[in-house]
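Index from 1, following the sequence. A quick note: this is a predicted structure, and the numbers were derived from the prediction, not measured.
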Amino acid sequence: MRKYLFLLLALVVVSRAGFAQGQIEQHRQFTGAKAGKSFYKAIYQLDTNVPGRINKAIRNINNLLNDPRLKGKIEVELVAFSKGTDAYLKNSGFEKAFRELAEKGVIIAQCENTMRERKLSKDQLYDFVAYVPSGNGELVIRGSDGWVIVKP
């Protein structure tokens, strides 16, 4: 009886090892999700003035735009509010990066609520910035319309 139990246990162990090896092979062959839809939409939330996080948002958007699965099939918006507004100020040092995104078709949007709260005027921000009544409202509307919300 013990002999049969041992053989059964050995069989289970060997079959599990084979199963695990098969799983590893599947992982090696995985190339990511397939972009089966004809079009995708993503809105990125920028609510921080930490330079590393701003650069991360810019890098993430560029990576998205360069993803071969999404080439010609993606619409992107970057909405800034709260401390994220600092990234759009003319002296922030991010003009070139944001201008390049805008030239690639990314909507660079700013929350007007934050503008009023901080007593900022539009001439203090880059000239290519678009404006929305509220950043949170933009996220809610876009999310409800099926846009993916990304917070880098």
Q) I149, V132: one ILVMFWY side-chain cluster at the under-4.5 Å cut-off? A) yes
**Q.** Heavy-atom pair of closest approach, residues A109 and V129
**A.** C-CG1, 4.4 Å
Q: Heavy atoms only: give me the nearest K34-Y40 pair and the separation to one decimal.
A: O-OH, 4.4 Å
Q.
Once rounded to the nearest 0.5 Å, what's the spacing between atom NZ of K104 and atom CD1 of I61?
A. 10.0 Å
Q) Would you say R69's side chain and A33's backbone share a donor-acceptor pair under 3.5 angstrom? A) yes
Q.
Side-chain heavy atoms nearer than 4.5 Å, only ILVMFWY residues, links allowed to pass through others: does that put F94 and V106 together?
A. yes
Q | For the student: nearest non-hydrogen atoms of P152 and Q45, plus distance | A | CD-O, 3.5 Å
Q) Of all heavy-atom pairs between N49 and K83, which one has the smallest distance, and what is that distance? A) CB-O, 3.3 Å
Q. Partners of F128 by ring-ring contact (aromatic ring centres under 6.0 Å, His included), sequence neighbours excluded?
A. Y126
Q: Could you grab the distance from atom CG of L65 to atom CD of E100, nearest 0.5 Å is fine?
A: 11.5 Å
Q) Are V76 and L70 in one and the same hydrophobic cluster, where Ile, Leu, Val, Met, Phe, Trp and Tyr link if side-chain heavy atoms are under 4.5 Å apart? A) yes
Q.
Are R118 and Q124 packed together at the side-chain level, in the sense that at least one heavy-atom pair is separated by less than 4.5 angstrom?
A. no
Q: Mind running side chain to side chain contact (heavy atoms under 4.5 Å, CB included) on Y44 and V79 for me, showing each step along the way?
A: CA-CA 6 Å; Y44 284 73; V79 63; over 6 Å; no
Q) Do I107 and V150 share a hydrophobic cluster, counting only Ile, Leu, Val, Met, Phe, Trp and Tyr and linking them when any side-chain heavy atoms are less than 4.5 Å apart? A) no
Q: State, with a plain yes or no, whether a side-chain heavy atom of I74 is found less than 4.5 Å away from one of F39.
A: no
Q. Going by heavy atoms in the side chains, are K151 and R53 under 4.5 Å from each other?
A. yes
Q. Just how far is it from atom CG of L101 to atom NZ of K96, taken to the nearest 0.5 Å?
A. 11.0 Å
Q. Is the closest side-chain heavy-atom distance between L120 and T114 below 4.5 Å?
A. no
Q | Close side-chain approach of L46 to T85, heavy-atom, < 4.5 Å | A | no
Q) Does a side-chain N-to-carboxylate-O contact under 4.0 Å join E95 and K90? A) no
Q. So, R59 versus N62: side-chain donor-acceptor pair below 3.5 Å or not?
A. no
Q) Under 4.5 Å between any side-chain heavy atoms of E77 and K41, yes or no? A) no
Q. Roughly how far, to the nearest 0.5 Å, is the CG atom of D86 from the OG1 atom of T48?
A. 9.0 Å
Q | From NZ (K71) to CG (D67), nearest 0.5 Å | A | 9.0 Å
Q. Any side-chain heavy atom of F98 within less than 4.5 Å of one from L78?
A. yes
(Q) Within this structure, what is the CD-OH distance for the pair E112 and Y131, rounded to the nearest 0.5 Å? (A) 8.5 Å
Q) Would you call M115 and L125 a side-chain contact if the rule is heavy atoms closer than 4.5 Å? A) yes
(Q) I'd like to know if R99 and E103 make a salt bridge, using a cut-off of under 4.0 Å between side-chain N and carboxylate O. (A) no
Q) How close do G135 and C111 get, heavy atom to heavy atom, and via which atoms? A) N-SG, 3.3 Å
Q. What are the two closest heavy atoms between L139 and F81, and how far apart are they?
A. CD1-CE2, 3.9 Å
